[in-house]
Amino acid sequence: MAHQDVLAAHPIRARRRLPLDWLGIVPFAAFALLFLILPTLNLIAGAFQDRDGAFTLQNIVNLFTPSIMAAYWISIKVSLASALIGGFMGFVMAATVTIGGLPGWVRSPLMTFAGVASNFAGIPLAFAFLATLGRTGLLTAFLMNVFGFNLYSTGFNLLSFWGLTITYLFFQIPLMILIITPALDGLKKEWAEAAASLGASRLQYWRMVALPILWPALLGTIVLLFANAFGAVATAYALTGSSLNIVPIVLFTQIRGDVLQDPNLGYALAFGMIVITGVSNGIYIWLRARAERWLR
Amino acid sequence: MTEAFLSIQHVRKAFGSTVVVQDFNLDVAPGEFISFLGPSGCGKTTMLRIVAGFEEPSAGRIVIGGKDVTNLKPNQRNIGMVFQAYALFPNLTVAQNIAFGLKVAGTPKAESDARVAEMLGIIKLPEFADRYPYQLSGGQQQRVALARALAARPKLLLLDEPLSALDAKVRLSLRDEIRQIQKKLGITTIFVTHDQEEALSMSDRIVVMHDGHAEQVGTPFEIYNRPATRFVANFVGTLNVLDGVVIDPIAATVRIGEREITLRNGALGAASAGDAVSLALRPEAIVLGRQPGRDASLSGQIADVSFLGSVIRVKVGVGQNAVSLDTFNNSSAQPPIVGDQTEISFSASDLLVLH
Amino acid sequence: MRTNRAVSWVLLALGCLYFVLPLIGMVEFSLRMRRGVYSLDAYWVVLADPKFQSTFAYSVVVGLLTIVVGIFIVVPTAYWVRLRLPGLRPYVEFVTLLPLVIPAIVVVFGYIRLYNTSSFLPLTGSATGTNILLVFGYVMLALPYMYRAVDTGLRTIDVRTLTEAAQILGAGWGTIIARIILPNVLLAVLSGAFLTFAIVIGEFTMAALLNRPAFGPYLQFIGANRAYEPAALAVIAFVITWACMAMIQIVSRFAPKTSSRSN
């Protein structure tokens, strides 16, 4: 039996010389087309069609109403703020356990926690922040009872730009930690020592060597964080209902109830989201290519 | 010796309860090339890093050019350093790497450019100015690292095993090149290595280190031919060890097997008659057969013959000991035959008494 | 050096404070249901809710199906690309990273439009069809993580030699993948699977827009209508996430043993 199989293997091997290798990724290609690429392209096409399917730019023009523009603007602001602040804080925390001289045992729990926190998004995250910084939340009550400080009298509101940003940081910071830690590990100790022996201060080393080396990774992660926040629906929806008009929520309510009275405007709205994440990635690829001339 | 340029005084370094360097003292003359030689873990790299300022000594002082630098930070010491793993900045071109020290020192652009060009000439890579490190071979990277370390004209150059990451051929040529550049610039240099051949061929003086202290400090000639301790004798070069018994310590006679041999006067020191001694001989000090001018000989049996190309290494059993020696490969002569009885002869003054 | 370390401690502690406070707030709030004393009432109410049970069960089943379908799509592809089509690797990797860039809400909007009742593939026309669509949507969401995990796992084994050894013994492709490749990357696949589960179990956007009775929309519904139960649910969700991550840690602890043949 086994003997026959060995003999049988030869013709199979010979047949495989035919250029049919590509057949192996047909299932994946079909999946990607049906459930990722075609739906996206279909929406993009829809953004340029009127109700009868004819080409039009009217949907795009219709985006430029004050309310929709305001939605894009607040979305971009929240995404950018949470990406930049989260990126910075994540970088600092990753730096403390990699190059900050902390003992080795700190690192593993922090990384595990970052793994958990980066996936603790969506609706439960909103609940946690409502329970903490909401009107009757723990921290709000604590500040009131102990310091007599009324958080909400300062104009703070969890259902606002800053509230949303602070909440998003809960998954943005850990994501940054997870991605940037390997990059920080890649900084060789000898580079710092070589710089010092050449007379460079710590600051000069960071400015001239370490940051340029980290730049592509930093940039890539910030863009990823931006896209991550920009497309997030669940946390914002559970936190604010539809009271804060960020783009994903406008789109969400539009899909659910057609509040814009115009499905094609919905496609344009989605198209706008793709354009913004696409452009941010384009900027990233362009900057990365410029920054990485020294890489293989 | 002229006034010391670098003076290492009573330096001690401990990590917790582990002592890595103990009571290390060394004076280095200006322009001198010194090697720290020893096995891994002997403290040579730690000592170098203390000189560089990357490690603080637990006790002792480092004086460079008459100035106590013990408490200065590395970036205030004006020292050039080359690392084992090149440590070139990957984001900077060759020229930018070399100019790094000049740039942080605020050297004017024109002067800096001229110096970079000069350094590129010295390391013979003038056409590589705009390449990035990843586009260079290991040997080229290390030459650039050397140029970078030298560009700001430091007073002291520290080389931390700069050749060990390179392959054998490049290592040989770079060895000569480093020594040449060092001589040309006249820069005081400390070279850390575990390779005795590198240390012997490059250095003015060698510090053989073992367990955190200096076993012996001397010229390559002294270290090789007059090792002060058993460790040095064993670590540097190949060594044949013969067991002997002291007959007369004052006349310096010992017995090896059935032969009595008279050593250099005073070679036995404080030993007394009947003591066992270990005696060492370099392979190249021994010849096969009796030869005029060699005052000592032993008889033995040829145990092994291996061809190494231009030389033939012969192992001869002498009593309990095996002695290696090299003879030139002479195509017209009969090679030694395993099992033959033979005599080996040497000069009694070449016998080293190991303590 | 010493000041450096002190600064590190302070910064890390401040960072941790930000993370710990909402967790404490969430736990504390979940215990407040009975007036004046801490109690587990909110948890009992939630756990006894039949809608909790049904939606949670639904999401668990969808999560498991997502993992199975994901493995069927990702493992053979990653294996085949490594073995036969290394030139396509950058393109496949690019596609697997797209879900990080294209917002899920956009993709699901595309599904609704593309697979409506009058389309060539009217998946949204029936409950089963919509369930299938949801599973594939989740596979798409998990694709970046699953593909990375499997591809990293494949890197540690010598795919070519294993394949050729199996071929010489007469194994067909199905046997090779199921019996040779999959067991060797099992740990990597498991890490990907737990991560997938963590992402899928509370997912809201897709489930809500496809109108499925999943855990995510249930969470939202409770959040909009109740006071203390949401906090209890958040604690439960946090524990599930933590358990998934712990499983990944446990699984990866076994990893060096079976993949020590790395080249």
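Order of the sequence lines sets the chain letters (A, B, ...), proteins ahead of strands, with each chain counted from 1.
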* **Distance flag, aromatic centroids of Phe127(A) and Phe29(C), threshold under 6.0 Å** => no
* Asked: For Phe252(A) and Phe204(C), what are the C-alpha separation, side-chain angles and deciding distance, and is it a ring pair (Phe, Tyr, Trp, His ring centres under 6.0 Å)?
  -> CA-CA 11 Å; Phe252(A) 183 86; Phe204(C) 169 71; 5.4 Å; yes
* Asked: Checking Ile236(C) against chain A: side chain, backbone, both or neither under 4.5 Å from a heavy atom?
  -> neither
* **Heavy-atom proximity to chain A below 4.5 Å, by part of Val139(C)** => both
* To do: Please report the closest heavy-atom contact between Ala234(C) and Pro124(A), naming both atoms and the distance.
  => CB-O, 3.5 Å
* Residues Met273(A), Ile105(C); criterion side-chain contact (heavy atoms from CB on, under 4.5 Å); working and verdict -> CA-CA 10 Å; Met273(A) 289 182 76; Ile105(C) 187 170; 4.1 Å; yes
* Asked: Would you call Leu133(C) and Phe35(A) a side-chain contact if the rule is heavy atoms closer than 4.5 Å?
  -> yes
* To do: Identify which part of Phe120(A) has an atom lying under 4.5 Å from any heavy atom of chain C, answering side chain, backbone, both or neither.
  => both
* chain A contact via Ala224(C) - side chain, backbone, both or neither, heavy atoms under 4.5 Å -> neither
* By a 4.5 Å heavy-atom criterion (distance strictly below it), what part of Ile199(C) contacts chain A: side chain, backbone, both, or neither? -> side chain
* **Among Ala238(A), Ala128(A), Gly122(A), residue most engaged with chain C (heavy-atom pairs, under 4.5 Å)** => Ala128(A)
* Asked: Do Phe142(A) and Glu28(C) come close enough that some side-chain heavy atom pair is under 4.5 Å?
  -> no
* Parallel, tilted or perpendicular for Phe28(A) and Tyr147(C), by the 30°/60° rule? -> tilted
* Minimum heavy-atom distance between Met245(C) and Gly115(A), given as atom pair plus value -> SD-O, 3.7 Å
* Okay, side chain of Tyr237(A), backbone of Gln220(C): is any donor-acceptor separation there less than 3.5 Å? -> no
* **When Tyr267(A), Phe226(A), Phe271(A) are compared by non-hydrogen pairs under 4.5 Å with chain C, the top option** => Tyr267(A)
* Asked: Side chain, backbone, both or neither: which part of Leu34(A) has an atom under 4.5 Å from a heavy atom of chain C?
  -> both
* **Short side-chain to backbone donor-acceptor contact, Thr96(A) and Ser8(C), under 3.5 Å** => no
* Let me know if Ile240(C) has heavy atoms under 4.5 Å from chain A in its side chain, its backbone, both or neither. => neither
* Structure fact -> Counting heavy-atom pairs under 4.5 angstrom with chain A, the leader among Tyr115(C), Phe72(C), Tyr18(C) is Tyr18(C)
* Structure fact -> Residues Arg32(C) and Gly137(A): closest non-hydrogen pair is NH2-C, 4.1 Å
* Asked: Which bit of Leu14(C) is near chain A, if near means a heavy-atom gap under 4.5 Å: side chain, backbone, both or neither?
  -> neither
* Asked: So which part of Leu125(A) gets closer than 4.5 Å to some heavy atom of chain C, the side chain, the backbone, both or neither?
  -> neither
* To do: Kindly indicate whether the side chain of Leu12(C), heavy atoms from C-beta on, has any atom under 4.5 Å from the side chain of Leu110(A).
  => yes
* If we only count heavy atoms from C-beta on, is the Leu23(C) to Thr132(A) side-chain gap below 4.5 Å? -> no
* Within the side chain of Tyr111(C), is there an N or O that forms a donor-acceptor pair under 3.5 Å with the backbone of Pro39(A)? -> no
* Name the region of Thr136(A), side chain, backbone, both or neither, that has any atom closer than 4.5 Å to a heavy atom of chain C. => both
* To do: Go through the atoms of Val223(A) and report whether side chain, backbone, both or neither lie under 4.5 Å from a heavy atom of chain C.
  => neither
* Structure fact -> Under 4.5 Å to a heavy atom of chain C? For Asn281(A) that would be side chain
* Leu41(A) portion near chain C, given a 4.5 angstrom heavy-atom threshold -> neither
* Structure fact -> Comparing Val27(C), Val235(C), Leu219(C), Val74(C) against chain A, the one with the most heavy-atom pairs below 4.5 Å turns out to be Leu219(C)
* **Segment of Tyr228(C) engaging chain A (4.5 angstrom heavy-atom cut-off)** => neither
* Measuring heavy-atom distances to chain A, does Ala227(C) have an atom under 4.5 Å in its side chain, in its backbone, in both, or in neither? -> neither
* To do: Under 4.5 Å heavy-atom distance to chain C, tell me which part of Ile25(A) shows up: side chain, backbone, both or neither.
  => both
Side-chain donor-acceptor distances from residues 94-104 of chain C under 3.5 Å, at least two apart:
{"unit_1": "Thr96(C)", "atom_1": "OG1", "unit_2": "Glu93(C)", "atom_2": "O", "d": "2.7"}

* Toward chain C, the part of Leu169(A) with a non-hydrogen atom under 4.5 Å -> both
* Structure fact -> If one checks every heavy atom of Leu83(C) against chain A at 4.5 Å, the contacting part turns out to be neither
* To do: Considering only heavy atoms and a distance below 4.5 Å, find which of Leu251(A), Ile274(A), Leu139(A), Leu224(A) pairs most often with chain C.
  => Leu251(A)
* Asked: What part of Pro76(C) gets closer than 4.5 Å to chain A, counting heavy atoms only: side chain, backbone, both or neither?
  -> neither
* Check whether any side-chain heavy atom of Thr77(C) lies under 4.5 Å from a side-chain heavy atom of Phe31(A), and answer yes or no. => no
